[in-house]
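Being a predicted model, the structure only gives us computed values, none of them experimental.
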Amino acid sequence: MSVKVQVSTVIERPVTDVFQFYAHEHIRNHPRWDPDMQLEQVSDGPIGVGTIIRRRNTHSGTPVEGTMEVVEFEPDRTFGVVIHDGPTETRGRVTFKAESQERTTLTISAEFADMDESMESMITSLVERSARNIKHLIESEV
């Protein structure tokens with residue numbers, strides 16, 4: 001079984017600013033919107049397709065070590081990753097849609113392979129929390 005989650009939020013900032021914050025500055029900002037996550041880039045160069053990131057996830061209380069590989073990176077449009085936390089694989093994709101010059105819809109989608117459907121509510125809550133935190137950080141800082 002797998003669990004699929006999708007959450008959208010409208011951010012009162014231009015799409016370029018939202019993409020910069022979320023994708024280009026992912027290593028620095030992800031732990032800010034998700035305090036249960038620690039990230040470290042292990043590949044060289046700017047973030048883009050092929051970037052490898054080491055992860056430490058403490059959502060369940062017990063630290064889980066893993067990796068994230070950027071598999072999709074289209075400026076101001078999409079950011080996609082494949083995550084391996086222990087034996088579990090997750091595919092994540094974020095889309096950025098300019099609604100106007102100053103408004104962007106950010107949509108976070110994730111598919112958690114081999115996860116019981118009883119976890120869907122908890123995972124959705126975590127993704128919703130992240131979306132709220134991202135919106136707050138971008139609108140208050142950018």
Rounded to the nearest 0.5 Å, how far apart are [atom1] of [X] and [atom2] of [Y]?
X	Y	atom1	atom2	answer
Glu89	Glu111	CD	CD	9.0 Å
Ile27	Leu39	CD1	CG	5.5 Å
Glu40	Arg55	CD	CZ	13.5 Å
Asn57	Thr62	CG	OG1	10.5 Å
Tyr22	Phe96	OH	CZ	6.5 Å
Ile138	Asp17	CD1	CG	8.5 Å

[X] with [Y]: basic N within carboxylate O range, under 4.0 Å:
X	Y	answer
Glu141	Arg13	no
Arg129	Asp36	yes
Arg93	Glu72	yes

Would you name the heavy atoms of [X] and [Y] that are closest together and state the gap between them?
X	Y	value
Leu106	Val18	CD1-CG1, 4.2 Å
Thr9	Ala131	CG2-O, 4.0 Å
Thr78	Phe19	O-CE1, 3.5 Å
Ala23	Phe73	CB-CE1, 3.8 Å
Ser2	Ala113	CB-CA, 3.9 Å

Are [X] and [Y] in one and the same hydrophobic cluster, where Ile, Leu, Val, Met, Phe, Trp and Tyr link if side-chain heavy atoms are under 4.5 Å apart?
X	Y	result
Met122	Met37	yes
Ile123	Val81	yes
Ile83	Val64	no

Report yes or no: does [X] contribute a side-chain atom to a donor-acceptor pair with the main-chain N or O of [Y] at less than 3.5 Å?
X	Y	result
Arg91	Val82	no
Lys135	Val10	yes
Asn29	Phe21	yes
His136	Arg132	no

**Asked** More than 12 non-hydrogen atoms from neighbouring residues, nucleotides or ligands closer than 6.0 Å to CD on Gln101, yes or no?
**Response**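 No, not enclosed.
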**Item:** Residue pair Gln6 / Thr107, side-chain heavy-atom distance below 4.5 Å
**Value:**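 In contact.
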**Prompt:** Got a sec, which residues hit side chain to side chain contact (heavy atoms under 4.5 Å, CB included) with Thr51, two or more places apart in sequence or on another chain?
**Reply:**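 Here the qualifying residues are Gln41, Ser43, Ile47, Ile53, Val70.
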**Request:** Step by step, work out the side-chain contact (heavy atoms from CB on, under 4.5 Å) result for Thr95 and Arg77.
**Result:** CA-CA 6 Å; Thr95 59; Arg77 293 182 159 247; over 6 Å; no
**Asked** Do the ring planes of Phe79 and His26 sit parallel (below 30°), tilted (30 to 60°) or perpendicular (above 60°)?
**Response**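 Tilted, since the angle between the ring planes falls between 30° and 60°.
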**Request:** With sequence neighbours left out, write down each residue that passes ring-ring contact (aromatic ring centres under 6.0 Å, His included) with Phe112, or none if nothing qualifies.
**Result:**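 Partners of Phe112 under the ring-ring contact (aromatic ring centres under 6.0 Å, His included) test: none.
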**Item:** Steps toward side-chain contact (heavy atoms from CB on, under 4.5 Å) verdict (Ile11, Glu139)
**Value:** CA-CA 7 Å; Ile11 300 172; Glu139 289 180 350; 3.9 Å; yes
**Request:** May I have the step-by-step check of side-chain contact (heavy atoms from CB on, under 4.5 Å) for Asp85 and Thr90, ending in yes or no?
**Result:** CA-CA 8 Å; Asp85 279 344; Thr90 302; 5.8 Å; no
**Prompt:** Tell me, which pairs form a salt bridge (charged side-chain N to carboxylate O under 4.0 Å, His left out) where one or both residues lie in residues 1-12, sequence neighbours left out?
**Reply:**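 Listed by first then second residue: Glu12-Arg103.
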**Item:** Verdict with supporting geometry, Gln20 and Glu25, side-chain contact (heavy atoms from CB on, under 4.5 Å)
**Value:** CA-CA 6 Å; Gln20 178 70 31; Glu25 299 174 8; 3.1 Å; yes
